[in-house]
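Please read the structure below before turning to the comments.
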Amino acid sequence: MPDFGKTLSGVTTTPVTVCPENCYLEYDIDFTKSNNINVTLLLAPTLNFNHNKGLSYGISVDGENEQIINFNGHYRGELGEWQANPIIKSETQHKVTAGKHTLRIRPLNPGIVFEKILIDCGGLKDSYLGAPETLNYTNMQASKK
């Protein structure tokens with residue numbers, strides 16, 4: 001979804017009224033050292049529209065120990081923070097070793113919009129939009145054409 005949200009774009013499943021099956025985002029990441037990492041997802045402030053069950057996603061590194069995160073099940077109609085800052089921050093922690101890994105994010109409900117993924121290996125400073133987008137070799141090749 002180009003130009004959606006606070007950053008460059010957003011990603012969601014379609015149709016938005018159908019529960020997603022067998023869909024996920026995957027990113028190959030190369031870590032230079034073993035570390036505990038924090039993964040922060042910036043999500044559109046989707047209302048808790050399914051009888052207050054909340055909306056959930058699964059997240060894992062290399063397909064192991066998937067964490068199921070309900071990011072808005074606590075919502076009960078208060079709008080103050082979401083009106084002031086239209087984004088939901090959802091954080092998970094993972095342990096990785098040096099080398100290549102695959103981060104997988106799997107939406108479990110319709111209507112979830114992922115706006116940005118931040119991976120903190122230590123030292124990421126808090127900011128309004130988070131760190132700038134990381135360019136990879138594929139992006140750099142496409143931009144040169």
Side-chain angles (χ1 to χ4, degrees), residues 1-14 16 19-50 52-144:
M1 299 168 46
D3 302 319
F4 182 90
K6 292 169 66 172
T7 59
L8 297 175
S9 60
V11 176
T12 192
T13 57
T14 57
V16 295
C19 198
E21 292 184 28
N22 299 320
C23 68
Y24 49 86
L25 297 169
E26 270 192 354
Y27 298 92
D28 293 326
I29 305 166
D30 194 2
F31 294 97
T32 57
K33 63 180 182 175
S34 298
N35 208 346
N36 292 319
I37 63 168
N38 291 325
V39 177
T40 301
L41 297 184
L42 301 183
L43 302 127
T46 309
L47 296 177
N48 185 353
F49 60 83
N50 60 358
N52 287 328
K53 295 177 193 168
L55 301 178
S56 299
Y57 66 88
I59 185 169
S60 64
V61 175
D62 297 331
E64 297 179 355
N65 303 321
E66 182 178 59
Q67 297 177 47
I68 304 298
I69 306 300
N70 184 324
F71 65 90
N72 69 348
H74 63 284
Y75 174 75
R76 297 293 179 261
E78 64 283 357
L79 289 177
E81 185 176 336
W82 284 355
Q83 285 175 322
N85 186 20
I87 203 89
I88 296 175
K89 286 186 178 183
S90 178
E91 295 184 9
T92 55
Q93 290 76 42
H94 308 268
K95 185 171 185 74
V96 296
T97 57
K100 294 184 187 247
H101 296 277
T102 301
L103 175 69
R104 177 181 275 194
I105 301 166
R106 189 171 60 93
L108 301 175
N109 300 106
I112 298 173
V113 180
F114 301 99
E115 292 188 29
K116 192 168 195 175
I117 302 165
L118 300 165
I119 300 173
D120 183 4
C121 298
L124 180 65
K125 297 192 183 340
D126 194 31
S127 68
Y128 184 68
L129 294 178
E133 179 182 6
T134 301
L135 294 178
N136 62 35
Y137 182 73
T138 305
N139 286 345
M140 291 181 355
Q141 290 298 333
S143 66
K144 290 180 181 179

Nearest heavy-atom neighbours spanning [X] and [Y]:
{"X": "Leu55", "Y": "Pro110", "result": "CD2-O, 4.0 Å"}
{"X": "Pro107", "Y": "Thr13", "result": "CG-CG2, 3.8 Å"}
{"X": "Gly10", "Y": "Phe4", "result": "N-CB, 3.9 Å"}

How about [X] and [Y]: do any of their side-chain heavy atoms sit closer than 4.5 Å?
{"X": "Phe71", "Y": "Ile112", "value": "yes"}
{"X": "Leu103", "Y": "Ile59", "value": "yes"}
{"X": "Leu43", "Y": "Phe114", "value": "yes"}
{"X": "Thr92", "Y": "Tyr57", "value": "yes"}

When rounded to the nearest 0.5 angstrom, what distance separates [atom1] in [X] from [atom2] in [Y]?
{"X": "Met1", "Y": "Glu115", "atom1": "CE", "atom2": "CD", "answer": "8.0 Å"}
{"X": "Ser56", "Y": "Ile69", "atom1": "OG", "atom2": "CD1", "answer": "8.5 Å"}
{"X": "Asp28", "Y": "Arg104", "atom1": "CG", "atom2": "CZ", "answer": "11.0 Å"}
{"X": "Leu124", "Y": "Leu118", "atom1": "CG", "atom2": "CG", "answer": "6.0 Å"}
{"X": "Thr102", "Y": "Ile29", "atom1": "OG1", "atom2": "CD1", "answer": "8.0 Å"}
{"X": "Leu108", "Y": "Ile68", "atom1": "CG", "atom2": "CD1", "answer": "5.0 Å"}

Taking only residues two or more places apart in sequence, or in another chain, which ones meet Glu66 in a salt bridge (Lys or Arg N to Asp or Glu O under 4.0 Å)?
Arg106

Applying salt bridge (Lys or Arg N to Asp or Glu O under 4.0 Å), can you list everything that pairs with Asp126, at least two apart in sequence or on another chain?
Lys89

Would you check if the side chain of Asp62 reaches a backbone N or O of His101 as a donor-acceptor pair within less than 3.5 Å?
no

What donor-acceptor contacts under 3.5 angstrom involve side-chain atoms of residues 30-40, with partners at least two apart or in another chain?
from, atom 1, to, atom 2, distance (Å)
Ser34, OG, Ala98, N, 3.3
Asn35, ND2, Cys121, O, 2.6
Asn38, OD1, Gln93, NE2, 3.4

